[in-house]
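Taking it in order: structure first as structure tokens, then the write-up.
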Amino acid sequence: MKKKIVIAIDGPAGSGKSTIARLVAKKLKILYIDSGAIYRAYTLQYLREEINLEEQETLVEFLERTTVNLESGKNGALIFVNRENVTKEIRSLEVTANVSLISENKNIREVVTKKLRSEAEHNSLVMDGRDIGTVVFPDAALKIFLTASIEERARRRKDDLKSAGVETDLEKIKNDIQRRDKHDSERYLAPLQKPDDAILLDTTNLAIDECVDFIIEKTLEKSV
Ligand code: DC
């Protein structure tokens, strides 16, 4: 690709964002940033320290002393909190159940948004999340909004957890996804919304490769 490009991929949990975004980045040989992983990293550290989010001074101190970094590893991105590799821990059910608390916090969103923007200063990248095309990069060259049916999304999450060695009930996963969807779309700050200028892609009946090829085609149209 001749020019620097930002590809913003948003959508609800289980819509296929991270798998698709990672493969698009790999094919285009550009950086992939999973913004949800950063919110998860702050959530993990918050749970460990049990800080009171309501106390402004405590929260500011927490954000000042907590460092979150992403690095590319052999099998995808690695995430570190205060230099400790927490790539696996951030996917736990406990982190998933508490991440909304962190991601609706104004101070935390500001810190994360700044961090996400800085990643694009010198790099072309693919970034996935909930507010990438609306808030983080409103001028992204290409915006994709992924969806899939709730049944399909729950099934995918179950498969992911199974690969990680966690057996969970499908109904429980479905309820958790619905609760998070509601929270993410109805929250006051940076709610999950399809940007007007995003391309809507329903992945329910599409193979991963079909989604990846579609996004690559759209990217090449934009970056020639
Ligand atoms: O993509 P994920 O499920 O790993 O994201 C975890 C949570 O982080 C999700 O429930 C909402 C929040 N999130 C957010 O508010 N904004 C983003 N850009 C990415 C994730």
Side-chain angles (χ1 to χ4, degrees), residues 6-22 24-25 32-47 53 68 70 76-79 81 86-120 125-138 140 143-148 150 152-161 163-164 166 168 172-195 198 203:
V6 170
I7 304 173
I9 303 186
D10 289 300
S15 56
K17 289 187 310 288
S18 52
T19 309
I20 294 167
R22 188 180 310 119
V24 168
Y32 162 57
I33 305 277
D34 171 359
S35 66
I38 300 181
Y39 286 102
R40 285 173 178 273
Y42 279 107
T43 307
L44 176 70
Q45 196 58 21
Y46 153 75
L47 289 169
L53 291 176
V68 174
L70 289 166
L78 301 174
I79 185 138
V81 170
V86 292
T87 311
K88 211 168 157 205
E89 286 87 336
I90 60 163
R91 304 289 159 195
S92 74
L93 292 174
E94 199 194 358
V95 168
T96 305
N98 285 280
V99 68
S100 297
L101 206 64
I102 291 295
S103 62
E104 71 181 7
N105 184 286
K106 184 169 177 283
N107 292 65
I108 298 178
R109 287 209 82 83
E110 275 171 12
V111 167
V112 175
T113 300
K114 209 165 142 198
K115 191 172 184 60
L116 295 174
R117 287 186 182 142
S118 73
E119 297 285 349
L125 53 81
V126 182
M127 188 177 288
D128 74 351
R130 304 295 190 287
D131 64 338
I132 309 306
T134 49
V135 175
V136 183
F137 294 117
K143 299 181 188 179
I144 305 285
F145 193 85
L146 297 180
T147 58
I150 177 76
E152 177 62 16
R153 288 158 55 208
R155 201 188 54 70
R156 290 176 187 168
R157 218 2 81 101
K158 185 170 164 61
D159 287 351
D160 284 351
L161 286 167
S163 323
V166 184
T168 328
K172 188 175 176 310
I173 297 180
K174 214 163 133 179
N175 290 339
D176 175 62
I177 289 182
Q178 276 167 328
R179 187 180 52 77
R180 271 209 294 153
D181 275 0
K182 188 167 154 51
H183 206 280
D184 292 346
S185 344
E186 290 178 2
R187 73 176 174 221
Y188 173 65
L189 287 171
L192 170 68
Q193 267 174 359
K194 177 188 164 300
T203 67

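Both ligands and their constituent atoms are indexed starting at 1 by order of listing. Nothing here was measured: the structure is a model prediction, and the numbers come from that model.
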Verify side chain to side chain contact (heavy atoms under 4.5 Å, CB included) between D128 and I144, making sure each step is shown before the conclusion. CA-CA 9 Å; D128 74 351; I144 305 285; over 6 Å; no

K172/D176 ion pair, N-O < 4.0 Å: no

For D131, all residues meeting side-chain hydrogen bond (donor to acceptor under 3.5 Å, both in side chains), sequence neighbours excluded: R109

Is there a donor-acceptor contact under 3.5 Å linking the side chains of T203 and R156? yes

Of R91, R40, R157, which is the lone residue that meets side-chain hydrogen bond (donor to acceptor under 3.5 Å, both in side chains) with T96? R40

Using a cut-off of under 3.5 Å, which N/O atoms of ligand 1 pair up with protein N/O atoms, and what distance separates each pair?
| from | atom 1 | to | atom 2 | distance (Å) |
| --- | --- | --- | --- | --- |
| ligand 1 | 1 (O) | R130 | NH1 | 2.9 |
| ligand 1 | 3 (O) | R40 | NH2 | 3.4 |
| ligand 1 | 3 (O) | R130 | NH2 | 3.2 |
| ligand 1 | 3 (O) | R180 | NH1 | 3.0 |
| ligand 1 | 4 (O) | R40 | NE | 2.7 |
| ligand 1 | 4 (O) | R40 | NH2 | 3.4 |
| ligand 1 | 10 (O) | R180 | NH1 | 2.8 |
| ligand 1 | 10 (O) | D184 | OD2 | 3.3 |
| ligand 1 | 15 (O) | R109 | NH1 | 2.8 |
| ligand 1 | 15 (O) | R109 | NH2 | 3.4 |
| ligand 1 | 15 (O) | R187 | NH1 | 2.9 |
| ligand 1 | 15 (O) | R187 | NH2 | 2.9 |
| ligand 1 | 16 (N) | R109 | NH2 | 3.0 |
| ligand 1 | 18 (N) | S35 | OG | 3.0 |
| ligand 1 | 18 (N) | R130 | N | 3.1 |
| ligand 1 | 18 (N) | D131 | OD1 | 2.8 |

Hey, are E110 and K114 close enough for a salt bridge, meaning a charged N less than 4.0 Å from a carboxylate O? no

